[in-house]
Amino acid sequence: MLKQGLFPDAHVLPSVIKACAGLLAVKIGKQVHGFSLASGISLDSFVQSSLVHFYVKCDELVDAHKLFDNMVERDVVSWSALAAGYARKGDAVNARKVFNEVKNLGFQPNTVSWNGMIAGFNRSGCFLDAVLMFQQMHKHGFKSDGTSISSVLPAIGDLGYLSSGTQVHGYVIKNGFAVDKCIVSALIDMYGKCGYALEMSQVLEDMGQVEVGACNALITGLARHGLVDKALGVFKELQGQQMELNVVSWTSVIACCSQHGKDIEALELFREMQASGVKPNAVTIPCLLPACGNIAALMHGKAAHCFSLRRGISGDVYVGSALIDMYANCGKIQLARCCFDRMSVRNLVCWNAMLGGYAMHGKAKEAIEFFLLMQRSGQKPDSVSLTSLLSACSQSGLTEEGHRYFDRMTTDHGIKPRVEHYACVVSLLGRAGKLEEAYSMIEKMPFEPDACVWGALLSSCRVHHNMSLGGVAARKLFELEPKNPGNYILLSNIYASKGRYKEVDKIRDIMGDKGLRKNPGCSWIEVKNKVHMLLAGDKSLPQMAQIMEKLNRLSIEMKKAGYSPNTDYVLQDVEEQEKEHILCGHSEKLAVVFGILNMSPGSPLRVTKNLRICGDCHAVIKFISRFERREIFVRDTNRYHHFKDGDCSCGDYW
DNA sequence: ATAGGGTTAG
């Protein structure tokens with residue numbers, strides 16, 4: 001229009017501004033604002049009103065308020081938009097102030113004004129304010145409509161106010177809203193959040209039709225209850241019925257998988273999603289990336305990264321934090337840092353993701369440096385940051401530094417130590433061999449120690465072969481987590497390392513009585529864009545014969561080099577030969593050898609494991625890294641081990 | 001011809 005020499009007037013401009021608001025195009029909107037000032041139509045009330053809306057939508061409340069104050073003719077619509085804008089920002093004080101001023105000036109808020117406030121508070125997480133607004137609305141004689149209800153229900157759910165939720169449900173039925181798709185989705189979501197799984201399907205059934213949004217809410221609700229297979233079942237059924245699935249459906253089911261240990265399924269669903277023609281968006285990627293990180297599927301993670309770059313969503317803070325986390329989990333700590341450095345907007349989650357990465361890699365020096373950078377950049381750390389920092393110190397044996405950060409948490413950062421910080425200190429002391437100090441730390445704790453704290457002590461006792469304190473910690477853990485087989489295994493490891501096989505047998509009997517079995521060891525490795533899962537002692541593997549042959553050859557070389565198998569890690573009281581054989585079946589060894597056989601010479605191997613790496617495997621993989629000239633990354637449930645030239649990044653401190 | 005409010009995925 002401008003190019004043709006036509007001059008936009010006060011009738012056209014509001015439409016342009018509305019489009020800017022819809023796209024959240026702040027820069028262009030401001031240019032249009034400038035244009036209106038220059039062309040003298042900025043005093044038009046339609047132009048002004050649309051600009052107020054534009055600034056509110058873009059969260060530029062200062063500009064919105066300034067404009068509002070200068071308006072020639074203020075109206076209810078702009079008043080309520082401004083009030084709702086503050087609510088969207090979570091600024092309840094200003095939201096209420098502006099909202100109440102409406103009445104002082106003789107305006108009456110209308111239903112839309114109330115709804116804007118409810119939706120605004122809901123968006124910013126001020127759930128109680130949202131519910132209060134809903135109640136006040138009724139007190140002031142307004143009847144809530146479909147919009148009010150679908151805005152207030154998520155807030156009710158997040159607060160877990162089941163009785164309010166049921167009341168609203170009754171109101172919905174009485175007023176014939178039970179077929180409105182937004183309301184039905186919101187109701188299902190509310191019941192899911194309040195812990196009522198059965199009600200969810202009932203609401204859906206009452207609607208009398210299959211609606212995709214409502215089904216999406218059901219999938220998420222089921223996943224929230226851990227009913228993962230049911231959630232997947234609903235999804236598959238919709239697929240079978242040729243239901244038009246949207247981006248939320250796919251994202252929900254991918255999130256469901258990546259949050260519940262079905263990582264390979266999540267990757268497969270992402271592929272299917274793209275094949276089906278539904279475009280992933282800035283929410284899909286942070287749901288998918290944890291699946292890549294969980295099993296160190298670096299190629300899949302990189303593909304998702306490229307996808308984000310192509311789609312222009314790599315600057316999103318959620319995408320960015322998920323990328324940092326993924327690269328750190330895949331052993332690519334430098335790439336994680338590159339992503340961090342390239343972000344133009346960062347929040348606390350991004351900083352914590354990076355700090356957590358350094359901790360997982362046992363890079364305490366980098367973690368401390370990064371922690372200082374964080375403060376210099378004006379980002380205040382929270383209790384998560386401190387946990388990572390302390391855990392980094394404990395991983396690499398920086399006992400004194402760690403202790404100092406712990407002591408100064410409250411004075412320097414205003415963060416009161418929580419139970420997880422105590423767990424870090426217990427582990428800090430315990431790993432350093434100061435088991436008695438660790439124990440007295442537990443006794444001095446101002447609150448009840450939890451399983452993490454006792455677990456930290458037990459693991460340290462495992463490292464230092466301390467039977468007495470190990471027994472104390474284990475007994476506590478048996479009370480706190482009677483169904484966790486890991487604690488029984490750790491204690492029997494201690495006994496086995498001292499040759500006390502009677503005790504080992506006793507523990508095995510107790511486990512048997514309780515119906516507990518050692519979690520099977522399981523490792524993953526990505527070879528040529530495909531992720532392979534290897535189970536300990538897995539005989540069904542097609543290449544098993546080749547793997548065992550290679551392992552035997554390696555073991556001959558190792559013995560020549562003076563290595564002897566560390567059979568402490570075998571709990572069965574069997575012959576040494578048999579023990580060696582059992583060690584050979586450990587999933588991390590299988591995965592490493594599988595990688596060597598199938599990946600080009602010299603390329604690094606990335607393995608993840610569902611349990612902690614075994615000491616013998618650790619020694620073997622160190623040897624392999626030198627003998628085969630391979631960098632090998634193994635991430636266990638505790639940290640990263642980076643093997644290179646016969647050494648490991650953990651410095652054998654674990 | 002021009003201005004306002006909703007659900008389900010992180």
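Sequence lines set the chain letters: A, B, ... in the order given, protein chains first and strands last, and positions in each chain run from 1.
Between A:His140 and A:Trp114, the ring planes lie tilted relative to each other; the angle falls in the 30° to 60° range.
At the heavy-atom level, A:Asp316 lies under 4.0 Å from base atoms of the strands shown. Nucleic acid contact class of A:Ser80 (heavy atoms, under 4.0 Å, all strands): none. Contacts of A:Ser252 with the nucleic acid, taken as non-hydrogen atoms under 4.0 Å apart, involve only primed sugar atoms and P, OP1 or OP2. Contact annotation for A:Asn110: base contact, defined as any heavy-atom pair under 4.0 Å involving a base atom. Using a 4.0 Å heavy-atom distance criterion, A:Ala119 is classed as a sugar-phosphate-only contact. When heavy atoms are screened at a 4.0 angstrom cut-off, A:His53 is found touching the sugar-phosphate backbone but no base atom.
Salt bridge A:Asp59/A:Arg88: present, at least one basic N to carboxylate O contact under 4.0 Å.
The nearest pair of heavy atoms linking A:Gln48 to A:Val72 is OE1-N, 3.1 Å. In plain terms, the two heavy atoms of A:Met343 and A:Ser321 that are nearest each other are CE-N, 4.3 Å.
Of the residues in residues 264-290 of chain A, A:Asn281, A:Ala282, A:Val283, A:Pro286, A:Cys287 come within less than 4.0 Å of DNA chain B through at least one heavy atom, sorted by number.
In terms of modelled atom types and a separation under 3.5 Å, the side chain of A:Arg635 and the main chain of A:Gly293 share a donor-acceptor contact.
The outermost nucleotides of DNA chain B lying under 4.0 Å from heavy atoms of chain A, listed 5' to 3', are B:dA1 to B:dG10.
A:Trp79 has its ring centre no less than 6.0 Å from the ring centre of A:Phe99. Ring centroid separation for the pair A:Phe340 and A:Trp351 comes in under the 6.0 Å cut-off.
In this structure, A:Leu335 and A:His305 have side chains that are not in contact, with every pair of non-hydrogen atoms separated by 4.5 Å or more.
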